[in-house]
Amino acid sequence: MPKRREAAPVASEGSNSVDASEKIRTNVGVGSPRRSSITWLALFFVIAYSCSAIYQYQFQNMPLPLTAEQAGKRGFSEVEAFGHVKALTQVGPHPVGSEALHQAVQYVLTACETIKKTAHWEVDVEVDFFHVESGANRQVSGLFAGRSLVYSDLDHIVLRILPKYLSEAREETILVSSHIDTVFSTEGAGDCSSCVGVMLELARGISQWAHGLKKGVIFLFNTGEEEGLNGAHSFITQHPWSKTVRMAIDLEAMGIGGKSSIFQAGPHPGAIESFASVAKYPSGQTVSQDLFTSGVIKSATDFQVYKEVAGLSGLDFAYVDNTAVYHTKNDKLELLKKGSLQHLGENMLAFLLHIGASSHFPEDSLTESKEDMSNNKAIYFDILGTYMVVYRQKFANLLHNSVIMQSLLIWVTSLFMGGIPAAVSLALSCLSVLLTWLFSLGFSVPVAFLLPLISSSPVPYVSSPWLVVGLFGAPAILGALTGQHLGYLLFQKFLLNVHSKRGQFPPIIQAELVKLEAERWLYKAGSFQWLILLILGNYFKIGSSYLALVWLVSPAFAYGFFEATLAPTRLPKPLKLATLVLGLATPILISAGIFIRLGATIIGGMVRLDRNPGSTPEWLGNVVIAAYIAALLSLTLVYLLSYVHLSGAKRTITLATLVLFSLSLAVVYSGVVPPFSEDTARAVNVVHVVDATGKLDERHTPVSYVSLFSTTPGNLNKEVEQINESFVCGKDKPVDFVTFSVKYGCRTYNDITGGWSEADVPTIHVENDAKENGRITQVSINTKDSIRWVLAINTEEIEDFKLTDTVNSEELIPVDKKSGLDGWHIIQFSGGKNAPRVFDLTLYWRSGSTQSTDHGFLLKLRTDVNRLTPITERILEKLPRWCSLFGKSTSPHTLAFLRNLPINF
């Protein structure tokens with residue numbers, strides 16, 4: 001009984017204490033710091049699902065393909081365009097100089113003649129078979145800087161549509177361009193038979209529009225693009241119709257199918273503004289343009305020629321879905337998604353009819369100063385593929401400056417009213433952001449180094465991109481939460497010290513006040529980091545800064561609407577769920593699809609990451625993906641994670657991320673999901689090399705071997721085991737292919753004599769070496785059967801040079817100032833069957849050169865022959881199904897000859 005009497009007062013005392021605490025909290029206006037973990041987790045999954053749904057709707061939702069009957073005479077039919085794509089792919093790979101390319105060109109010519117015959121009687125259709133004898137293209141920037149691109153014997157098809165009774169339309173035309181040729185390794189369903197098919201159907205549709213057009217439309221079906229943009233260059237510099245072009249539209253592919261998006265526009269914004277106003281399914285992102293022009297994406301399109309050589313403005317479209325198949329065997333008809341051609345065709349038809357009916361073109365960008373061009377640059381992005389936002393840099397400057405000034409004013413005012421505690425809190429909020437980044441990167445990047453150790457491939461996620469969510473996304477989320485929680489604890493410690501000194505409230509109320517105030521500062525830290533990014537982007541005039549704008553303004557507006565006050569006496573309450581929902585809705589709507597698409601593009605690019613095989617660390621691609629995901633999550637989850645610390649969700653998040661990461665790691669380690677598949681193959685090259693390098697006075701038999709290498713990171717042990725041709729792999733015998741070097745590869749020396757002869761080996765012969773009044777050396781080069789070759793000239797020894805076609809005495813490259821790269825100037829030559837094979841090269845030495853003591857090379861030559869020797873044919877037959885030959889302008893064909901000229905010849 002006495003114990004019961006003692007217990008009652010204790011319970012009563014505790015109850016009174018809690019009641020007193022609740023009463024004090026109510027009186028002072030402090031909200032409860034507790035938040036349901038279920039609410040946060042539900043919100044997280046809703047946001048994740050919304051991001052996926054936005055991506056699917058924005059980039060994967062295709063229009064229904066139309067038949068010819070459904071489209072009508074003046075409409076666009078995917079079924080008809082698909083028929084052209086099918087016909088072009090049936091001829092197989094058709095690189096420059098091949099019989100297959102001749103067949104493809106003849107097919108396009110026949111289709112154009114049919115369009116001419118069936119055109120409306122009030123429309124003039126002209127078809128020109130344009131043959132180019134020779135030319136030279138030298139780009140001052142981009143992928144081909146420091147190179148001379150020489151071409152010969154190219155055939156293009158040019159179709160011009162004009163209103164019959166409007167003669168002035170001949171002098172103002174719109175150019176629509178794409179290329180017929182492919183690389184040697186693919187039939188090119190995406191790159192770019194899909195573009196040619198769309199153009200043919202567009203030309204047919206426009207040829208039926210008798211009224212409304214005030215301008216001509218030129219369709220250029222060129223060849224030579226894959227060898228260095230040669231088709232576009234030859235048209236612009238040699239075809240008489242090129243002088244009438246006022247706007248250029250280029251159609252390209254860096255994958256196969258999906259939505260064809262604008263990834264370059266300008267320099268004048270008129271074209272993109274017109275497109276945005278009429279396109280039925282607008283798709284385009286300034287982010288892509290910023291990445292492409294920065295050089296992060298190592299590629300080039302004909303649009304560079306139209307913009308730099310011809311000074312034209314316009315648009316550059318590209319298919320980028322499934323970019324891992326680019327230039328491989330899997331760029332095939334079966335993977336072309338339905339609706340892809342309809343999407344591009346309907347957009348282009350509406351745009352061409354609109355711009356063709358306009359009374360004038362946008363003003364010529366060449367008349368503008370560099371500052372005016374910069375201020376008039378277009379910033380554009382689409383919203384869910386249904387509406388496109390376009391505004392100019394000048395307006396962006398005003399908008400960004402306004403937001404920056406207002407934000408800074410709010411921050412300065414808050415700091416002024418809050419005093420030193422507010423300034424310290426801002427510093428701690430910045431520290432929390434920094435910790436979020438460091439821990440997110442620190443948790444995800446080590447996985448990049450782990451994967452090559454436990455998987456057969458350093459990039460085991462290429463065929464299954466969803467794996468990166470568990471491999472890199474889960475550690476990044478856990479790291480971001482850990483880093484921000486450390487910042488949260490530091491906040492608590494500081495704020496508790498501040499409130500203790502004030503002594504306004506009991507300790508229990510102080511603890512709750514500290515939690516609520518720390519949560520608010522973490523939320524505001526997100527706005528502050530986006531403000532910093534907006535300031536930097538605005539200073540450097542980066543078009544993609546609009547992303548920082550929406551991620552700053554929308555959450556800040558929601559916070560100001562529901563939470564903020566300048567009154568220092570108001571005590572904090574828990575952040576409302578509505579603040580988060582309203583604040584994140586707009587940024588997610590605008591950017592979620594872009595971020596996911598960019599991630600998919602980066603993953604697909606891993607297939608061709610190692611441009612000099614063996615020179616790139618195996619973990620580098622993983623680090624790029626890990627860093628991208630960690631940075632993305634650190635930037636975008638900062639608001640959402642600030643809600644976690646007052647809930648019980650931290651333990652659940654930790655457990656879930658660890659389980660997801662462990663399962664993903666187990667899948668990779670076990671090999672249940674292969675790194676590559678038949679439809680998403682590893683890029684490899686199989687080249688029969690005949691190495692005839694050495695001094696000119698030495699009589700020796702060329703060394704012949706087969707080289708197997710890959711631009712995809714990782715060793716080739718598994719592939720070599722299946723091929724079973726006595727390959728020896730390693731880094732001990734690098735191969736210099738002139739345009740690139742193979743640092744790691746495999747060689748076999750079995751059966752190396754068949755399929756070639758001494759007569760195929762190119763020759764370099766010094767005809768004359770005059771040393772009076774400046775040294776000048778005359779060299780004769782015979783490429784034998786090769787109509788595709790590359791020559792490197794040592795610019796440390798040679799100041800200038802001249803290249804001449806010996807047979808026709810035609811000067812291909814004149815004497816002028818030439819740039820080089822890493823001490824070499826590269827000449828890339830490609831042409832048709834009748835291209836020249838014997839050349840005179842005149843070398844002008846630098847004064848003061850000491851050639852006699854140098855044992856390096858003056859010239860390095862590689863000639864390519866598109867021929868299968870018996871051993872390469874046997875190897876290709878046994879090549880694993882998860883591998884594909886990979887082609888590009890600088891890579892050799894299946895038979896390559898190497899020759900050089902030493903400096904001390």
Side-chain angles (χ1 to χ4, degrees), residues 35-61 383-385 436-437 439-440 443-444 447 461 464-485 522-523 526 530 547 550-551 554-555 558 575 577-603 625-665 667:
R35 182 179 290 118
S36 170
S37 61
I38 296 177
T39 301
W40 189 93
L41 293 172
L43 182 61
F44 177 81
F45 283 111
V46 167
I47 290 176
Y49 177 80
S50 298
C51 291
S52 176
I54 288 169
Y55 169 74
Q56 291 293 327
Y57 190 87
Q58 185 172 5
F59 294 109
Q60 303 299 315
N61 184 35
I383 300 176
L384 297 181
T436 301
W437 278 76
F439 276 82
S440 186
F443 281 28
S444 61
V447 181
Y461 42 78
S464 305
W466 51 268
L467 274 174
V468 302
V469 176
L471 292 173
F472 302 114
I477 291 175
L478 183 59
L481 176 61
T482 302
Q484 194 185 72
H485 191 65
L522 291 179
Y523 184 95
W530 283 109
L547 292 171
V550 296
W551 278 94
S554 185
L575 290 172
L577 185 63
T579 304
L580 196 62
V581 173
L582 179 63
L584 296 185
T586 300
I588 288 174
L589 180 69
I590 290 176
S591 63
I594 301 171
F595 290 147
I596 295 174
R597 186 180 177 99
L598 180 57
T601 303
I602 295 173
I603 293 170
I625 294 177
Y628 172 75
I629 292 175
L632 179 63
L633 294 178
S634 297
L635 285 168
T636 57
L637 289 185
V638 62
Y639 300 111
L640 184 62
L641 290 178
S642 65
Y643 273 61
V644 175
H645 309 289
L646 297 185
S647 72
K650 293 188 291 295
R651 184 173 299 177
T652 306
I653 296 171
T654 302
L655 181 63
T657 52
L658 289 175
V659 169
L660 180 58
F661 172 68
S662 300
L663 289 175
S664 301
L665 214 58
V667 167

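Fair warning: this is a prediction, and the values are worked out from it, not measured in the lab.
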Legend entry - Residues V581, L43; criterion side chain to side chain contact (heavy atoms under 4.5 Å, CB included); working and verdict: CA-CA 9 Å; V581 173; L43 182 61; 4.2 Å; yes

Legend entry - CA sep, side-chain torsions, deciding dist, call: W40, T652, side chain to side chain contact (heavy atoms under 4.5 Å, CB included): CA-CA 11 Å; W40 189 93; T652 306; over 6 Å; no

Looking at [X] and [Y], would you say the former's side chain and the latter's main chain have a donor-acceptor pair under 3.5 Å?
X    : Y    : answer
S647 : V644 : yes
S642 : Y639 : yes
S464 : Y461 : no
W530 : L635 : yes
Y523 : P555 : yes
S440 : A476 : yes
S554 : V550 : no

Legend entry - F59 and Y55 aromatic ring geometry - parallel, tilted or perpendicular at 30°/60° bounds: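 Answer is tilted, since the angle falls between 30° and 60°.
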
Inset, instruction - Could you tell me how the ring of H645 sits relative to the ring of H485: parallel (under 30°), tilted (30 to 60°) or perpendicular (over 60°)? - result: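 H645 and H485: parallel rings.
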
Inset, instruction - Mind listing the closest non-hydrogen atom pair of I54 and G593 along with its distance? - result: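 I54 and G593 have their closest heavy atoms at CG2-N, 3.9 Å.
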
Legend entry - Nearest heavy-atom neighbours spanning L522 and V638: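 For L522 and V638, the tightest heavy-atom pair comes out as O-CG2, 4.1 Å.
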
Say you draw a straight line from [atom1] of [X] to [atom2] of [Y]; how long is it, rounded to the nearest 0.5 Å?
X    : Y    : atom1 : atom2 : answer
I590 : F595 : CD1   : CZ    : 10.5 Å
L632 : I629 : CG    : CD1   : 8.0 Å
I47  : L640 : CD1   : CG    : 4.5 Å

Is [Y] close to [X] at the side-chain level, that is, under 4.5 Å between some pair of heavy atoms?
X    : Y    : result
I477 : F661 : no
V46  : S50  : yes
F443 : T657 : no

Inset, instruction - Using the side chain to side chain contact (heavy atoms under 4.5 Å, CB included) rule, take L575 and L580 through it: C-alpha gap first, then chi angles, then the decisive distance, then the call. - result: CA-CA 8 Å; L575 290 172; L580 196 62; over 6 Å; no

Legend entry - Heavy atoms of other groups near I38 CD1, more than 12 under 6.0 Å: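 Open: at most 12 neighbouring heavy atoms sit under 6.0 Å from CD1 of I38.
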
Inset, instruction - Determine, step by step, whether I653 and L478 satisfy the side chain to side chain contact (heavy atoms under 4.5 Å, CB included) criterion, reporting the C-alpha distance in whole Å, the side-chain angles of both residues, the deciding distance to 0.1 Å, and the verdict. - result: CA-CA 7 Å; I653 296 171; L478 183 59; 5.5 Å; no

